[in-house]
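Below you'll find the structure, written out as structure tokens, and then a few comments.
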Amino acid sequence: MSYILNIETSTSVCSVSLSFNGELKLFREDNSGMKHAVQLSIFIEELLKQEAIGIKQLDAIAVSSGPGSYTGLRIGLSTAKGLCFSNDIPLITIPSLDIIAYGIKHDSEFSIVDGEFIYPMIDARRMEVYTARFDHMLNRVNEYHALIIEDPDFFESLNNAVVFFGGDGAQKFEHYKSEFPNLRFTRVLSSSKYMCILANEKLIKGQFADLAYSEPFYLKDFVAGKPKSQL
């Protein structure tokens with residue numbers, strides 16, 4: 001039996017959940033802006049107090065590892081690493097886009113079947129989003145990358161299958177709905193409640209991150225230039 005504290009701060013949503021054996025027990029989140037530095041510690045304290053457990057009773061702490069907001073990712077990972085170091089708790093890192101993809105698959109109004117694809121999207125500002133393509137079983141089929149919104153190669157690929165968008169970057173594509181009737185838009189945003197199963201699977205397999213060397217995955221190389229879409 002295992003408790004995991006899950007932290008998601010890769011976007012403007014500050015989200016913390018507590019899971020037990022992979023099932024969501026409690027969560028707190030706020031989407032009113034970048035207030036992670038203030039809210040994160042408060043949310044963690046509230047969840048542990050409500051569940052009546054101490055920090056040392058956690059079997060692991062899981063955190064979103066990026067891509068996403070530079071500030072949000074730094075706050076989330078530094079908080080998780082600090083708690084893990086001081087309490088001898090293993091650290092689990094989960095890519096931010098995997099978390100959103102899980103939410104699109106399991107917490108949207110759609111049933112996603114074989115031959116359809118999932119595109120979780122995080123707003124990368126200006127004319128870009130961070131994304132990757134997942135199949136209906138949540139297998140990632142290309143690399144995490146920065147996508148230019150008007151990339152013609154990407155839109156050419158949309159003619160081949162039904163695709164599901166989610167995350168705070170998806171709204172940048174909504175005006176294309178009339179042109180591409182095979183697009184489906186979900187209301188799913190990044191949230192720690194989608195981390196429970198993913199984190200528990202890593203705990204069972206012993207897939208822990210290195211506390212000393214873990215760093216956020218920023219996708220800096222892609223943002224600095226003009227990345228070509230990876231379909």
Side-chain angles (χ1 to χ4, degrees), residues 1-11 13-22 24-25 27 29 34 36-37 39-41 43-45 47-48 53-103 120 122 124 130-132 134 138-146 167 190-224 230:
M1 298 188 293
S2 57
Y3 276 109
I4 300 178
L5 183 73
N6 305 287
I7 297 171
E8 220 301 348
T9 56
S10 63
T11 69
V13 180
C14 181
S15 181
V16 183
S17 69
L18 186 66
S19 58
F20 185 69
N21 291 341
L24 177 66
K25 293 281 289 184
F27 82 102
E29 64 184 29
M34 295 296 291
H36 304 354
Q39 293 176 320
L40 187 54
S41 296
F43 287 168
I44 292 170
E45 183 178 350
L47 293 185
L48 295 177
I53 63 171
I55 189 75
K56 291 184 179 295
Q57 291 176 259
L58 296 174
D59 295 273
I61 296 177
V63 63
S64 56
S65 58
S69 159
Y70 282 29
T71 302
L73 290 172
R74 285 199 302 269
I75 292 171
L77 186 58
S78 62
T79 299
K81 289 174 69 172
L83 291 172
C84 289
F85 267 123
S86 58
N87 295 283
D88 194 24
I89 299 170
L91 175 70
I92 293 170
T93 57
I94 304 175
S96 310
L97 292 168
D98 293 36
I99 296 167
I100 300 172
Y102 184 93
I122 293 175
Y130 300 127
T131 191
F134 294 75
L138 295 179
N139 299 304
R140 183 167 52 83
V141 297
N142 67 359
E143 297 299 320
Y144 307 112
H145 60 283
S190 57
S191 175
S192 63
K193 64 185 177 181
Y194 304 138
M195 299 173 66
C196 302
I197 294 293
L198 300 174
N200 197 61
E201 289 175 350
K202 287 198 168 189
L203 175 65
I204 292 171
K205 295 176 182 177
Q207 295 177 341
F208 303 124
D210 189 309
L211 272 177
Y213 296 104
S214 293
E215 295 290 340
F217 175 48
Y218 291 129
L219 272 177
K220 286 182 179 179
D221 290 341
F222 292 105
V223 176
Q230 300 182 35

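Considering every non-hydrogen atom in both Ala212 and Asp210, the closest pair reads N-OD1, 2.9 Å. Residue Ile7 comes nearest to Gly76 through the heavy atom pair CG2-CA, 4.2 Å, listed as atom of the first residue, atom of the second, then distance. Between Ala101 and Leu138, the shortest heavy-atom distance links the atoms O-CD2, 3.5 Å. Summarising the geometry of Asn6 relative to Ala199, their closest heavy-atom pair is OD1-CB, 3.5 Å, with the distance given to 0.1 Å. Thr131 and Pro120 get closest at one heavy-atom pair: OG1-O, 2.7 Å. Closest of all the heavy-atom pairs between Arg140 and Ala132 is CD-CB, 3.9 Å.
The aromatic ring centres of Tyr218 and Tyr70 sit less than 6.0 Å apart.
Atom OG of residue Ser15 and atom OH of residue Tyr194 lie 9.0 Å apart, to the nearest 0.5 angstrom. Summarising the geometry, atom CG belonging to Leu211 is positioned 5.5 Å from atom SG belonging to Cys84; distances are rounded to the nearest 0.5 Å. Annotation: the span from Leu97 atom CG to His145 atom NE2 amounts to 9.5 Å, rounded to 0.5 Å. Rounded to the nearest 0.5 Å, atoms CD1 (Ile4) and CG (Leu24) are 12.0 Å apart. Note that OG of Ser78 is 10.0 Å distant from CD of Glu215, once rounded to the nearest 0.5 Å. In this structure, Ser19 OG and Leu58 CG are separated by 9.5 Å, a value rounded to the nearest 0.5 Å.
Side-chain contact between Leu73 and Phe217 is absent, with no heavy atoms from C-beta onward closer than 4.5 Å. Counting only heavy atoms from C-beta outward, the side chains of Ser10 and Ile122 approach each other to under 4.5 Å. Two residues are said to be in side-chain contact when any heavy atoms from C-beta on lie closer than 4.5 Å; Ile61 and Asn87 fail this criterion. For the pair Ile89/Leu83, no side-chain contact is recorded, criterion being any heavy-atom separation below 4.5 Å from C-beta on. The closest side-chain heavy-atom distance from Phe208 to Leu203 is below 4.5 Å. Here the side chains of Val63 and Thr79 are not in contact, with every heavy-atom distance at 4.5 Å or above. Using a 4.5 Å heavy-atom cutoff, the side chains of Thr71 and His36 are not in contact.
For the residue pair Ser192 and Glu8, no side-chain donor N or O sits within less than 3.5 Å of a side-chain acceptor on the partner. Between the side chains of Thr11 and Ser190, at least one donor N or O lies within less than 3.5 Å of an accepting N or O.
Asn21 contributes a side-chain N or O that, together with a main-chain N or O of Ser2, makes up a donor-acceptor pair within less than 3.5 Å. A distance-only check finds no donor-acceptor pair linking the side chain of Lys193 to the backbone of Ser17 [under 3.5 Å]. One N or O on the side chain of Lys81 and one on the backbone of Ser214 form a donor-acceptor pair closer than 3.5 Å. A donor-acceptor pair under 3.5 Å is absent between the side-chain atoms of Thr9 and the main chain of Cys14, judged by distance alone. The backbone N or O of Tyr3 lies less than 3.5 Å from a partner atom in the side chain of Asp59, making a donor-acceptor pair.
Of the candidates Val141, Asp98, Asn139, Asp98 is the only one forming a side-chain contact (heavy atoms from CB on, under 4.5 Å) with Phe134.
At most 12 heavy atoms of other shown residues, nucleotides or ligands fall within 6.0 angstrom of atom CG in Asp88. Counting heavy atoms of neighbouring residues, nucleotides and ligands inside a 6.0 Å radius, atom CD of Gln57 exceeds 12 of them.
Evaluation of the ring-ring contact (aromatic ring centres under 6.0 Å, His included) test over residues 73-103, restricted to residues two or more places apart or in two chains, returns Tyr102-His106.
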